[in-house]
Every structure is written in structure tokens, then in C-alpha cells.
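Just below is one structure, and these are the notes that go with it.
Letters A, B, ... are given to chains in the order of the sequence lines, protein chains preceding strands, and every chain is numbered from 1.
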Amino acid sequence: MIRVASWNINSVRTRIGHLTDWLRQEKPDVVLLQEIKCLTDGFPSLEIEDLGYNLAIVGQRSYNGVAILSRHPMTVEADRLPGPAEDGQARYVEAVVQAEGKVLRVASIYAPNGNPVASDKFPYKLAWLARLRDHARELLRFEEPVVFGGDYNVCPTDDDVYDPEGWQDDALCRTESRAAFRRLIHLGLTDAFRALHPEPHRYTFWDYQAGRWQRGEGLRIDHLLLSPQAADRLGAADIDKGPRGKEKPSDHTPVWCELEL
DNA sequence: ATGCCGGGCGAAGCCCGA
């Protein structure tokens with residue numbers, strides 16, 4: 001069994017204590033991080049390596065940045081999404097993990113937010129998700145277990161947001177964003193959490209503002225999307241709300257799944 | 001209609017996030 005988690009950490013340097021505490025407590029095999037908000041050289045590698053993890057880091061000054069932590073040997077396969085436009089934003093890293101004599105491909109994904117919808121950020125988001133779909137389609141040809149995990153900045157349905165009406169024109173909930181996410185799913189991917197948890201109103205993000213955490217008002221925007229070969233091996237999945245309740249938390253909390261490789 | 005909160009950067013206040 002291998003456990004894979006995804007967590008938008010909102011600055012890995014500010015949250016290094018939270019991260020190491022959680023790694024010691026939960027001992028996930030693979031962790032996909034987003035919004036590390038530091039250069040690759042600035043990543044607190046020693047603290048993580050001391051806990052037995054190998055690292056794949058794609059950093060950027062101030063914003064974005066993604067990483068993969070793996071207790072098993074890992075080979076980096078890509079440090080950006082293929083595409084004609086080199087945008088310089090650190091939003092994708094992909095690796096192959098060798099675990100228990102088997103191979104698992106994982107990607108840590110930080111999709112653009114897309115707000116405000118009237119700005120060029122929204123078409124950038126939609127184009128980025130289309131690029132992700134194109135790449136996922138190529139990877140699926142290998143017919144191997146893959147976990148595409150990360151902060152998609154898409155709330156898939158009205159069941160995944162506390163106030164659907166209030167959020168309907170936000171880039172996270174707009175029909176164009178949801179359609180882009182469905183086009184990805186329709187390649188044959190499985191939303192690991194939703195496959196095992198049909199209940200509505202389970203969230204991975206709560207805004208710092210307006211007491212959203214205390215009110216239980218969040219959104220489900222962090223997802224683990226599984227290739228068919230991974231979905232066939234899905235044993236468990238859940239959202240771990242623990243880290244969101246700590247002092248000075250990230251505004252996101254981890255989502256995880258277990259695969260019987 | 002906008003800010004609320006919070007991080008980075010850099011040393012005040014702006015940019016960005018969701």
C-alpha cells in the first residue's frame with residue numbers, strides 16, 4: 001500500500017514546522033506540495049530529507065512553486081507542462097516513483113486561480129487546464145498508475161462550495177472552469193475523494209477572511225485524479241482537516257489516498 | 001462596491017491569492 005497526499009502549503013518556509021509535524025504524524029509515502037513560494041535553493045530540504053524523503057522541487061521567487069516528497073526512489077520526468085508558450089510560472093512537476101517493485105507516476109499541480117474573470121488571468125487559467133489535459137492524454141497512453149494531484153483551483157460542482165450562488169461568477173466556480181475540469185475527467189480520470197465520499201460539502205480550502213474556517217464555509221478545490229490503473233487500486237481517500245485547525249495554518253488542508261500497488 | 005486575512009518583499013505599502 002502506498003499513501004499519496006496533496007497539500008497547498010502556502011509558503012513552505014513559513015509552514016515548515018507544520019509540515020514536519022504532519023509528516024512525522026501521518027508518514028505519507030508521497031506528498032505533492034503547491035505554493036511553496038520560494039526558489040528551489042531556498043527550500044528547507046535538510047529538514048525534509050532528515051525525515052527520509054527524497055525531493056523534487058520546482059521553485060520560483062515569491063509566488064507559486066511545487067514539489068514532490070517521496071520516501072521511495074524517484075526520478076523527475078518533467079519540471080513544466082509541455083506547451084508552445086513558456087510562461088515561467090512554476091506550476092507543475094512530475095516524477096516516477098519506484099515503490100514495492102512497482103512504478104507509480106505522480107504530478108504536483110498548481111493551476112492558476114483565474115480571478116478576476118474579466119482579466120487575462122481567466123483565459124490563462126483555461127488555457128493552462130487545456131495544456132494539462134493534453135499532457136494527461138499523452139501520459140494515459142502508457143496505461144500505468146498515475147496520480148495527478150494538486151490545487152486545481154476548480155470547485156467541480158455546487159456540492160463542493162458553501163455558497164454556490166455567491167460563487168457562481170468566481171473563476172473557481174465558473175461554468176468554463178468546471179467544463180475544463182470535466183474535460184480532464186472525461187479522459188478517464190477518477191476523483192479519488194469523490195469516488196469514495198458521495199456526501200456534499202466536504203472542503204479542502206477555507207478563506208482566512210470572514211471566519212470561514214470557524215463557520216465551516218469552504219471549497220473543495222484540491223483533487224487527486226487517478227488514471228484507470230490507479231483507480232483500480234484505490235483503497236481509501238479522505239481530507240485531513242487537522243492542519244487547517246493549527247495556529248498560523250495554510251488556508252488549504254491535505255487530501256490523501258491509498259493505493260494497493 | 002470593497003475589505004476582511006495572510007505571505008513575499010523589504011522595510012511602507014503593494015501585489016497576489018481564492
**Option among A:Asp238, A:Asp240, A:Asp222 that satisfies the salt bridge (charged side-chain N to carboxylate O under 4.0 Å, His left out) test with A:Arg202** =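 Passing option: A:Asp238.
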
Using a heavy-atom cut-off of under 4.0 Å over every strand shown, decide if [X] touches base, sugar-phosphate, or nothing.
X        : result
A:Asp207 : base
A:Asp170 : nothing
A:Leu219 : nothing
A:Phe205 : sugar-phosphate

Picking from [options], which would you name as closest to the side chain of [X]?
X        : options               : result
A:Tyr208 : B:dA18, B:dC16, B:dG6 : B:dG6
A:Arg61  : B:dA18, B:dC9, B:dG7  : B:dC9
A:Tyr110 : B:dG17, B:dG7, B:dC9  : B:dG17
A:Ser62  : B:dG7, B:dA18, B:dC9  : B:dC9
A:Glu35  : B:dC9, B:dA18, B:dG7  : B:dA18

Starting from [atom2] on [N], measure out to [atom1] on [X] and report it in whole angstrom.
X        : N      : atom1 : atom2 : answer
A:Arg13  : B:dG10 : CZ    : P     : 12 Å
A:Gln209 : B:dT2  : CD    : C1'   : 11 Å
A:Gln89  : B:dG17 : CD    : P     : 8 Å
A:Asp169 : B:dA18 : CG    : C1'   : 15 Å
A:His252 : B:dG6  : NE2   : P     : 14 Å
A:Gln60  : B:dG7  : CD    : P     : 19 Å
A:Asn64  : B:dG7  : CG    : C1'   : 13 Å
A:Lys125 : B:dG17 : NZ    : P     : 11 Å

**Asked** For A:Ile36 and A:Asn8, take the nucleotide of DNA chain B holding the closest heavy atom to each; which residue's nucleotide lies nearer the 5' end?
**Response**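 Result of the comparison: A:Ile36.
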
**Request:** Find which nucleotide of DNA chain B each of A:Tyr63 and A:Ala111 is nearest to by heavy atoms, and output the residue with the more 5' nucleotide.
**Result:**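 Per heavy-atom nearest nucleotide, the more 5' residue is A:Tyr63.
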
Give a yes/no on whether any side-chain N or O of [X] is located under 4.0 angstrom from OP1 or OP2 of [N].
X        : N      : value
A:Thr14  : B:dG8  : yes
A:Lys37  : B:dG17 : no
A:Ser11  : B:dG6  : no
A:Arg212 : B:dC5  : no
A:Asn153 : B:dA18 : yes
A:Asn113 : B:dA18 : yes

**Request:** Could you check A:Asp158, A:Asp160, A:Leu172 and say which one makes a side-chain contact (heavy atoms from CB on, under 4.5 Å) with A:Arg178?
**Result:** A:Asp158

**Asked** Does any non-hydrogen side-chain atom of A:Leu224 lie less than 4.5 Å from one of A:Asp191?
**Response** no

**Asked** Heavy-atom distance under 4.5 Å between the side chains of A:Val76 and A:Glu94, does that happen here?
**Response** no

Rounding to an integer number of angstrom, what distance separates [N] and [M] when you compare their [atom1] atoms?
N      : M      : atom1 : answer
B:dC4  : B:dG13 : P     : 14 Å
B:dA11 : B:dC15 : P     : 16 Å
B:dC16 : B:dG10 : P     : 15 Å
B:dA12 : B:dA1  : C1'   : 26 Å

**Asked** Less than 4.0 Å between a side-chain N and a carboxylate O, is that true for A:Arg212 and A:Asp251?
**Response**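 Looking at A:Arg212 together with A:Asp251, the answer is no, because their closest N to O distance does not fall below 4.0 Å.
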
**Asked** Between A:His223 and A:Phe148, is the ring centre distance below 6.0 Å?
**Response**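 No, too far apart.
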
**Item:** cation_pi(A:Arg220, A:Tyr203) dist<6.0 Å, angle<=45
**Value:**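 No, cation not above the ring by the 6.0 Å, 45° rule.
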
